[in-house]
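Here the structure comes first, spelled out in structure tokens, and everything after it is commentary.
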2 protein chains.
Amino acid sequence: MQQSFESLIDNYLPGQSVDCVIIGYASGELKILLLQWKATKRWSLPGGFILKDEDMDKAALRILKERTTLEFPFIHQFYTFGNYRRRDISNLNKELAAMNINSPKVNEWFRQRFISTGYLAMVNLDKAKPQPDELSIKCDWMPADKLPPLIYDHNDIVAKALEYIKMRVHFLPVGMTLLPEKFTMNELRLLYETILQRSLDRANFQRKMLKLGVLIRLEKHFAGNAHKAPYLYKFDKKMYNAFQKEGIGFV
Amino acid sequence: MQQSFESLIDNYLPGQSVDCVIIGYASGELKILLLQWKATKRWSLPGGFILKDEDMDKAALRILKERTTLEFPFIHQFYTFGNYRRRDISNLNKELAAMNINSPKVNEWFRQRFISTGYLAMVNLDKAKPQPDELSIKCDWMPADKLPPLIYDHNDIVAKALEYIKMRVHFLPVGMTLLPEKFTMNELRLLYETILQRSLDRANFQRKMLKLGVLIRLEKHFAGNAHKAPYLYKFDKKMYNAFQKEGIGFV
DNA sequence: ACAAAAGTGTTATCCTTACACCCATGT
DNA sequence: ACATGGGTGTAAGGATAACACTTTTGT
């Protein structure tokens, strides 16, 4: 690893990085994919560097694939973080030692100032298989509303990403990317409530959703409990894409 | 100049730049502040580099001040442009020659790949005094909807900025920054029509604006023509700022 | 008096909101 | 039968959109 990363350094643009906020959804919570560092056990967003002949968007897609083994059809650049003192590198020596890295070149690389661009990706949690990289011991989903303290300004980056998804929920395919293939209207509404951080009227939400014409009603889902069985739905992908541009409006 | 920029180079972050879309408004048009280069006579956005110990936002503010001699209370970072081949540097030698620059160091500086972050600023056109810099022969306002071909991907950058202002018009103080102190309701509506690229009903716009409670009605304005004299208005800045967070809604 | 622009009024329609009601389901 | 969640109904209030009407201005 030490060898390989040292030799790779020359292929990357110095001072530039990409951080990915990969959002999943499970048990009524938004989840963020995080990595845990070896020495300090602190958590961070999955990120990486940009190859000298690579578009920045492509770098984000590459990094996403490395972490989830998935291709992402949609990613969204949401903000670039360029404060002078955004990174605290006081633990750097400890981290590098834990990884058996003593190359001055690698040390210098991580000591430089980085300006980092944030990308948002959304994925059905069941499909993504987290892959810890060589720098980390763990790679896991954590609930977005109670994250641990992350390294650098990564908590700010997540906050910006959550604000972005909230602001643009009408233009993002949140239902199609975050839910499984089939879902109940209740599950869809809970997702919107989670993103928007407020409760939505059950009856009105259902009416509005159905009127859009992007949902296909399937068979009923018998959960085995003593209640009326709800219908399952799936998205009409053709319709959805047609509406996507002008915004799919729920309030 | 040659001397000074060569010596300044070491103070800047390599590969990083900032481009500013400074928007003004006059005679019913949005205007963009552009610079004209010496040799090729091509136009570009005002931009600059980031000092090694400077926050990126601060760099944008510094560059804005250099071009307009104004302090900007609000700037908005809207996108970062990171495509590998976003800059066409085939005219670089000609440009440098026209500026009597033959320093290899300066040449190399401008030949590197740059990732550039776009910032939006808005200003009352009468207040801004364009300042051409040492690299340019002209600095002028040009109508946003019929810009000449700009260098690099600067036309894309302007397009993104215009899309940004359109999307977020409810949250941006467009009226307060782009109009003079006093204005008629017609002028305010025309500004919104220009930004949103569609016509708005005169009567309904007026009602909605007044109901918000952010306008103060002043004396009538007699233009000297054979029509009913419209009222002048100014913004109630306290009220405006209070409403700003939750969005000032016009459709 | 006239034309044109500005201010205000009116109405139908739609959307939002809140809540009520009935229906289906396993125990 | 019953409790509970799910589907649908309804009615008030507000927002929107389109257009009509009246007022004001200099010629």
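Chain letters run A, B, ... following the sequence lines, proteins first, then strands; residues in each count from 1.
OP1 and OP2 of C:dA6 both lie 4.0 Å or more from every side-chain N or O belonging to B:Gln206. For the OP1/OP2 pair of C:dT27 and a distance below 4.0 Å, the side-chain nitrogens and oxygens of A:Asn225 include no atom meeting the criterion. Between B:Lys211 and the phosphate of D:dA15, there is a side-chain N or O to OP1/OP2 separation shorter than 4.0 Å.
With contacts defined as side-chain heavy-atom distances shorter than 4.5 Å, the pair A:Asn204/A:Lys208 does not qualify.
One atom, CZ of A:Arg207, and another, P of D:dG9, lie 8 Å apart when rounded to the nearest Å. Going from atom CG of A:Asn204 over to atom P of C:dC21 covers 17 Å, rounded to whole Å. B:Arg189 has its CZ atom 12 Å from the C1' atom of C:dG7, to the nearest Å. Separating the CG atom of B:Leu210 from the P atom of C:dT8 is a distance of 8 Å, rounded to the nearest angstrom. Rounded to a whole Å, the NZ atom of B:Lys228 is 9 Å from the C1' atom of C:dA5. Rounded to whole angstrom, the span from the CG atom of A:Leu190 across to the C1' atom of D:dG5 amounts to 13 Å. What separates CG of B:Asn186 from C1' of C:dG7 is a distance of 12 Å, to the nearest Å. Counting to the nearest Å, the C1' atom of D:dG5 and the NZ atom of A:Lys220 are 12 Å from each other.
Between B:Tyr240 and B:Phe235, the ring planes lie perpendicular to each other; the angle is over 60°, past the 30° to 60° tilted range. Using the six-membered ring where Trp is involved, B:Trp37 and B:Tyr152 have ring planes that are perpendicular, over 60° apart on the 30 and 60° scheme.
Counting only heavy atoms from C-beta on, B:Phe222 has its side chain closest to D:dT25 among C:dT25, C:dG7, D:dT25. Listed nucleotides D:dG7, C:dA6, D:dT16 differ in distance to B:Pro230; the shortest reach to its side chain belongs to C:dA6.
Seen from the ring of A:Phe81, A:Arg86 does not count as a face-on cation partner, given the 6.0 Å and 45° thresholds.
Nucleic acid contact for A:Ala223: none, since no nucleic acid atom lies under 4.0 Å from a heavy atom of the residue.
A:Leu191 approaches A:Leu179 most closely through the heavy-atom pair CD2-CG, 3.9 Å.
If you find the closest nucleotide of DNA chain C to B:Ala226 and to A:Asp201, the one lying nearer the 5' end belongs to B:Ala226.
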